[in-house]
Amino acid sequence: MSQKTNLEKKNTNNRSIDKSAIPLLEKAENEGIELAWDRLEKQQPQCGFGLLGVCCRNCNMGPCRIDPFREGPQKGVCGANEDTIVARNLLRMIAAGAAAHSDHARDVVETLLMTARGQAPDYELTDLEKLKALAELFGIEEEEPNKMAEMLALKVLDGYGTREEGLEWLKRAPKDRIEVWEEAGVIPRGVDREIVEVMHRTHMGVDTDYVNLILHGIRTALSDGWGGSMVATTLQDVLFGTPKPTKTKVNLGVLSENEVNIIIHGHEPILSEKILEATEDPELIELAQKIGAEGINISGMCCTGIELLMRKGVPMAGNFLNQELAILTGAVEAMVVDVQCIMPALTDLSDCYHTEIISTSPKAKFPGATHIEFEAEKAGEIAKKIVRKAIENYKNRIPAKVDIPDSPTEAVVGFSVEARVAGLGGELDPLLDAIKSGKIRGVAGLVGCNNPKIKHDYSHVTLTKELLKNNVLCVVGGCNATANAKAGLLLPEAAEQCGEGLKEVCQSLGIPPVLHMGSCVDNTRILVLAAEVANALGVDISDLPLAGAAPEWMSEKAVSIGTYFVGSGILTVLGTVPPILGSEKVVKLLTEDAEEVIGGKFAVETDPYKAAELMLDHIDKKREGLGI
Amino acid sequence: MSQSKKIFVNIDKCLGCHTCEIECAIAHSNTKDLLTAISETPLPQYRINTEYFEGENIPFQCRHCEDAPCVTVCPTEAITRKEGEIIVSIDEEKCIGCMMCIQVCPFGVLKSSRENGVVTKCDLCIERLNEGKNPACVEACPTNALSFLTEVEMSKKRREEAGKKILAAFRRGSSAVKEETSF
């Protein structure tokens with residue numbers, strides 16, 4: 001568990017395994033451009049109190065710190081010890097992560113409501129089947145789609161506030177799981193309520209008991225996984241369609257030498273869906289051709305990209321640590337950003353190239369960017385304005401500065417739960433049979449970000465390959481999915497890299513051994529699939545041969561995701577060390593005792609080979625429990 | 001190679017973040033990694049202390065004095081400085097833990113070791129120096145309040161800083177005179 005994993009060597013080859021990233025890392029080195037990796041080096045050594053989670057800034061008697069070497073203070077001014085401080089800090093991370101997912105989802109619900117009321121003419125209800133299924137889940141008796149959608153949106157919004165009963169979404173969970181939650185007192189009551197309660201409990205002089213705090217952290221994360229994030233995924237499917245398998249291309253090589261390149265970056269599909277439409281507008285294509293480009297090329301970055309990749313097959317330029325490198329290609333006319341994981345460094349970097357950073361969310365402005373604010377009522381018009389801006393910038397491209405890596409990788413994406421079941425012949429049985437027979441040893445949910453503390457994509461891809469060799473089917477999301485896509489593992493041909501059993505299953509069904517489930521809010525698709533499998537077997541999620549991992553995580557959202565995985569009964573392995581090691585008791589609770597209470601627990605392992613071993617041991621233990 | 005540099009402190013730059021203490025303890029741990037060092041037995045100890053007096057933060061570390069009281073007072077010759085060297089070091093085998101050195105140190109930078117009760121102190125990170133690195137506290141300080149220089153370099157740096165101030169004052173003075181005489 002070393003923090004220094006990737007810091008000793010400055011060689012750019014040690015920074016990434018993405019073949020499209022390496023030439024651009026070299027370019028940055030030659031041109032003296034500072035990137036996230038350099039900024040990480042300059043931050044060394046990072047604050048020890050922060051790394052251990054023992055710094056408290058929650059009141060102005062502080063800031064206080066607990067001395068981990070036990071020579072200095074062991075209590076903050078208020079008397080809080082390391083257990084209280086570490087637990088409170090962790091809770092605030094969970095709250096921020098849950099808030100990010102859930103507030104993203106709020107925009108989706110509001111768009112659905114406006115669409116149903118005819119106030120957002122550029123949107124329509126696309127997946128009516130899903131809408132109907134949701135209406136049933138929410139007990140809505142209405143036949144007319146717009147009315148149905150309106151009632152659904154209002155009910156979902158109601159779930160954000162204070163509820164006497166748990167969220168409707170929890171009904172999707174197995175019966176046994178709900179009993180575990182009830183027993184532990186962690187049934188989430190309302191999406192916003194749990195987040196607000198975190199802020200209350202972690203205020204000076206409120207909750208001091210680290211066990212009580214962590215339990216509420218789990219409840220808050222569940223309000224994200226079985227609430228906010230699930231709202232985002234499901235209602236985005238209603239508005240834009242449920243993903244179906246489709247073939248596309250990934251890595252920075254998807255940028256086009258002779259076209260206007262637009263990268264959509266961030267997390268929400270609401271505007272980017274309209275930008276995609278605008279890039280197909282004949283008038284705008286003609287405008288691009290008039291100024292000398294061959295056309296307009298749109299590609300994705302981070303989860304906004306994944307949303308369009310999954311539903312529309314839009315190529316993916318890269319994941320989190322590719323964002324600065326995309327600008328270094330000198331070929332990007334506009335990077336259109338909305339919210340989350342957008343590095344503030346982009347605007348400074350764009351000064352060195354011609355790329356225009358266009359911010360669109362009233363929640364996220366960037367000094368140095370051009371702000372064109374999104375409004376759902378005028379989405380189409382705004383999208384066209386943005387695309388026009390990108391076209392106009394084409395003339396500023398400096399051909400001598402253009403370096404586009406060649407040979408993008410192909411990938412098959414779009415495996416929603418529905419698509420997966422359809423791919424399996426409409427039934428879960430082929431999957432269940434393969435698991436029972438041992439051809440598939442188990443399933444791994446692999447998620448999470450990039451983090452320059454780990455060689456870019458290395459832990460994601462290494463862990464996946466180890467699991468595949470051992471016949472573990474991988475369902476992936478977020479930046480992990482993009483890493484595996486770039487490594488060519490999202491192709492049916494990747495079955496060759498699997499153990500015999502998994503290889504046979506993938507080849508007979510014609511599916512890749514690594515199934516792309518979507519963006520980071522779509523990690524809830526993994527929960528839904530786990531719940532369906534558990535229900536089919538009549539067991540709890542915690543009984544399944546299933547393990548999760550976030551090999552390169554960095555964001556607070558990942559903390560919330562990891563915690564809702566654990567809270568749903570899944571062993572979750574973290575590949576970077578969370579800031580909790582300052583409290584032995586909190587560490588023990590999360591990595592040992594949690595299993596007895598909630599059925600899942602965390603493990604921390606920075607070596608992907610050892611992480612694979614941990615997951616395989618867990619899977620085997622669960623198989624034994626099921627008697628298979 | 002004889003070591004001729006010392007740690008110098010710019011008190012104005014110290015924010016009191018205690019990073020030097022943490023990094024000192026890590027540098028003197030077995031595993032050299034924070035996340036594992038905090039579970040070692042005995043716990044590693046730091047040999048630099050940042051204190052707060054009258055509104056200022058002051059990092060204290062061994063000055064490796066030329067005429068070191070700790071060397072003079074040590075009854076077993078456990079604390080010594082080798083001929084021509086800067087570092088005042090302790091031979092743990094010879095130390096009897098009488099704590100006389102702690103009483104006479106003008107800066108209060110010696111302490112009893114958790115491991116065996118002998119005295120422990122700053123060794124200028126001799127292990128790191130042999131690897132061509134600076135002492136851990138100097139390397140770690142986020143505001144560069146600590147620097148590792150020879151006294152000649154330090155004096156030069158002080159003269160440069162003073163020179164800038166003097167020049168600025170002179171220029172202000174002479175422009176004020178010009179303004180008055182232009183009437």
Side-chain angles (χ1 to χ4, degrees), chain A residues 1-8 39-57 62-74 76-77 81-83 85-86 453-454 574-588 591 603-607, chain B residues 15-52 57 59-61 108-115 120-122 125 128 131-144 146:
Chain A
M1 291 201 296
S2 169
Q3 281 289 328
K4 292 177 180 141
T5 333
N6 192 28
L7 303 173
E8 277 96 15
R39 295 190 292 271
L40 175 64
E41 270 174 28
K42 287 187 182 170
Q43 283 292 337
Q44 299 308 312
Q46 286 171 304
C47 172
F49 302 98
L51 286 169
L52 298 173
V54 290
C55 170
C56 180
R57 293 186 297 121
C64 296
R65 283 158 302 178
I66 306 301
D67 181 353
F69 296 108
R70 311 261 171 236
E71 293 189 57
Q74 296 302 295
V77 178
N81 63 12
E82 73 272 27
D83 306 321
I85 291 175
V86 166
K453 287 179 179 173
I454 289 181
L574 303 176
T576 68
V577 184
I580 61 165
L581 265 57
S583 164
E584 273 177 39
K585 287 182 183 162
V586 171
V587 171
K588 185 167 178 293
T591 60
V604 180
E605 181 50 68
T606 54
D607 178 341
Chain B
L15 297 176
C17 73
H18 299 276
T19 299
C20 51
E21 296 175 357
I22 295 277
E23 293 301 319
C24 177
I26 297 169
H28 294 92
S29 69
N30 293 324
T31 55
K32 314 286 184 213
D33 186 288
L34 170 69
L35 304 182
T36 44
I38 57 167
S39 323
E40 286 178 19
T41 314
L43 273 174
Q45 285 169 284
Y46 41 80
R47 295 108 203 269
I48 179 167
N49 279 78
T50 304
E51 300 287 350
Y52 181 75
N57 304 304
F60 283 92
Q61 68 294 104
V109 294
L110 295 120
K111 63 170 81 165
S112 178
S113 161
R114 277 172 171 153
E115 195 172 359
T120 190
K121 65 180 282 300
C122 167
C125 281
R128 292 174 57 92
E131 293 167 15
K133 295 179 188 164
N134 278 342
C137 56
V138 175
E139 203 62 40
C141 180
T143 60
N144 296 323
L146 303 177

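Since the structure is predicted, the reported quantities are computational estimates derived from the model, not experimental observations. Per chain, numbering begins at 1; letters A, B, ... match sequence-line order. Atoms considered below: every heavy atom in the structure, side chains included; atoms not considered: hydrogens, waters and symmetry mates.
- Counting only distance, with no hydrogens or angles, the side chain of A:Glu71 and the backbone of B:Tyr46 share a donor-acceptor pair below 3.5 Å.
- Closest of all the heavy-atom pairs between B:Thr19 and A:Pro45 is CG2-CG, 4.5 Å.
- For a residue to count as touching a neighbouring chain, one of its non-hydrogen atoms must lie under 4.5 Å from one of that chain's; by this rule B:Glu21 does not touch chain A.
- The minimum heavy-atom distance between B:His18 and A:Arg65, with the atom names listed, is CD2-NH2, 3.1 Å.
- With a threshold of 4.5 angstrom between heavy atoms, B:Ala136 does not approach chain A through any atom at all.
- Closest approach of B:Leu35 and A:Leu52 over heavy atoms only: CD2-CD2, 3.7 Å.
- Across all their heavy atoms, A:Gly48 and B:Ile22 have their closest contact at CA-CG2, 4.2 Å.
- In plain terms, the two heavy atoms of A:Phe69 and B:Pro44 that are nearest each other are CD2-O, 3.6 Å.
- Other residues, nucleotides and ligands contribute over 12 non-hydrogen atoms within 6.0 Å of the CD atom of B:Glu40.
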